[in-house]
Amino acid sequence: MAHPPSPAPAAAPAPFNGHFTTTEAIAGFIFVKIPVGRRHDESDPLHRREDTIDQMLRAQSLGLVVGWGDSLGERRPDGLRPAAYIRIDINAHDVQAVRSALRALLPTLGAPAGTEIHYTLAGHSLRDIALDTGWQLEQSFSPLKNRPNP
């Protein structure tokens, strides 16, 4: 006789069925840009960062990773455009809480200075930038120009 599946342990994030309840409504979209080295991302060749970030967000009911991939850099003289960043896309239930959690987690995952967390608050495109000395918060950013606002 078949037995019903055992419930997931209390610490495991709930499975996502593609639909949010009203308590899980998306409050905002966030993306993280992690600079990569010359030979692609040697510090995370299996892209475990994305998994770790997703697990943390789900475990704390903050949101979830909805995608990730390479962002191309400037064209080289040989015509190639190597990856400059790993980009991680996140649907956030609470933008401020996700930002805070990411600022604590990213350094533990080897994200270097130059890592950016992009988000929108009150209609303004902003980013938090990792520096060697800590995080520079709520920096204005113009996504159309791909550079900071004056």
Side-chain angles (χ1 to χ4, degrees), residues 4-76 78-121 124-143 146-148:
S6 301
F16 177 66
N17 64 6
H19 301 284
F20 292 103
T21 66
T22 55
T23 60
E24 296 173 316
I26 299 302
F29 176 77
I30 293 175
F31 70 91
V32 177
K33 287 175 58 176
I34 302 173
V36 297
R38 291 182 180 258
R39 295 185 57 221
H40 208 298
D41 197 7
E42 297 137 353
S43 63
D44 189 20
L46 300 177
H47 296 280
R48 291 193 175 127
R49 283 186 190 126
E50 294 85 352
D51 252 0
T52 302
I53 291 168
D54 187 55
Q55 290 170 13
M56 178 273 298
L57 294 170
R58 289 174 186 256
Q60 296 180 32
S61 298
L62 295 175
L64 63 142
V65 170
V66 294
W68 59 270
D70 295 340
S71 290
L72 298 178
E74 297 295 320
R75 189 171 308 280
R76 299 186 316 204
D78 63 6
L80 295 177
R81 291 182 62 198
Y85 296 93
I86 297 293
R87 178 179 157 142
I88 304 167
D89 298 338
I90 297 168
N91 281 345
H93 304 315
D94 179 335
V95 171
Q96 298 290 27
V98 170
R99 287 177 52 220
S100 179
L102 288 170
R103 289 192 311 264
L105 180 62
L106 287 166
T108 70
L109 300 177
T115 295
E116 300 176 359
I117 302 169
H118 290 250
Y119 52 95
T120 302
L121 288 179
H124 299 283
S125 295
L126 302 170
R127 64 184 171 171
D128 298 340
I129 306 168
L131 305 174
D132 288 329
T133 56
W135 288 90
Q136 189 175 24
L137 306 180
E138 297 187 9
Q139 299 301 298
S140 290
F141 186 72
S142 174
N146 199 24
R147 60 188 170 121

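Keep in mind that this is a model prediction, so the values were computed, not measured.
- Closest approach of L62 to A97, counting heavy atoms only: CD2-CB, 3.6 Å.
- In this structure, the side chains of R76 and P82 come closer than 4.5 Å at one or more pairs of heavy atoms.
- Heavy-atom minimum distance, I86 versus V36: CG1-CG1, 3.5 Å.
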Test log, rule side-chain contact (heavy atoms from CB on, under 4.5 Å), inputs R58 and V65: CA-CA 9 Å; R58 289 174 186 256; V65 170; over 6 Å; no
Residues L64, L57; criterion side-chain contact (heavy atoms from CB on, under 4.5 Å); working and verdict: CA-CA 6 Å; L64 63 142; L57 294 170; 5.5 Å; no
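- A distance of 11.0 Å separates CD of Q60 from CG of D94, quoted to the nearest 0.5 Å.
- Between R81 and E74, every side-chain heavy-atom pair lies at or beyond the 4.5 Å cut-off.
- To the nearest 0.5 angstrom, R48 atom CZ is 14.5 Å from I53 atom CD1.
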Residue pair Y85, T115: steps toward the side-chain contact (heavy atoms from CB on, under 4.5 Å) verdict: CA-CA 9 Å; Y85 296 93; T115 295; over 6 Å; no
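- Taking CD1 from I88 and CD from E50, the interatomic distance works out to 4.5 Å, rounded to the nearest 0.5 Å.
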For a quick test of your reading: what N or O donor-acceptor pairs under 3.5 Å do the side chains of residues 100-114 make, sequence neighbours left out?
{"unit_1": "R103", "atom_1": "NH1", "unit_2": "D128", "atom_2": "OD2", "d": "3.1"}
{"unit_1": "T108", "atom_1": "OG1", "unit_2": "L105", "atom_2": "O", "d": "2.6"}

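- Interatomic distance, S71 OG to K33 NZ, rounded to the nearest 0.5 Å: 6.5 Å.
- Between I90 and V32, the closest side-chain pair of non-hydrogen atoms falls below 4.5 Å.
- Residues I34 and W68 are not in side-chain contact: their nearest non-hydrogen atoms beyond the backbone lie 4.5 Å or more apart.
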Stepwise salt bridge (Lys or Arg N to Asp or Glu O under 4.0 Å) test for R87 and D89: CA-CA 7 Å; R87 178 179 157 142; D89 298 338; 2.7 Å; yes
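- Residues Y119 and R127 have side chains that never bring a donor and an acceptor to within less than 3.5 angstrom of each other.
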Residue pair R99, L121: steps toward the side-chain contact (heavy atoms from CB on, under 4.5 Å) verdict: CA-CA 12 Å; R99 287 177 52 220; L121 288 179; 4.0 Å; yes
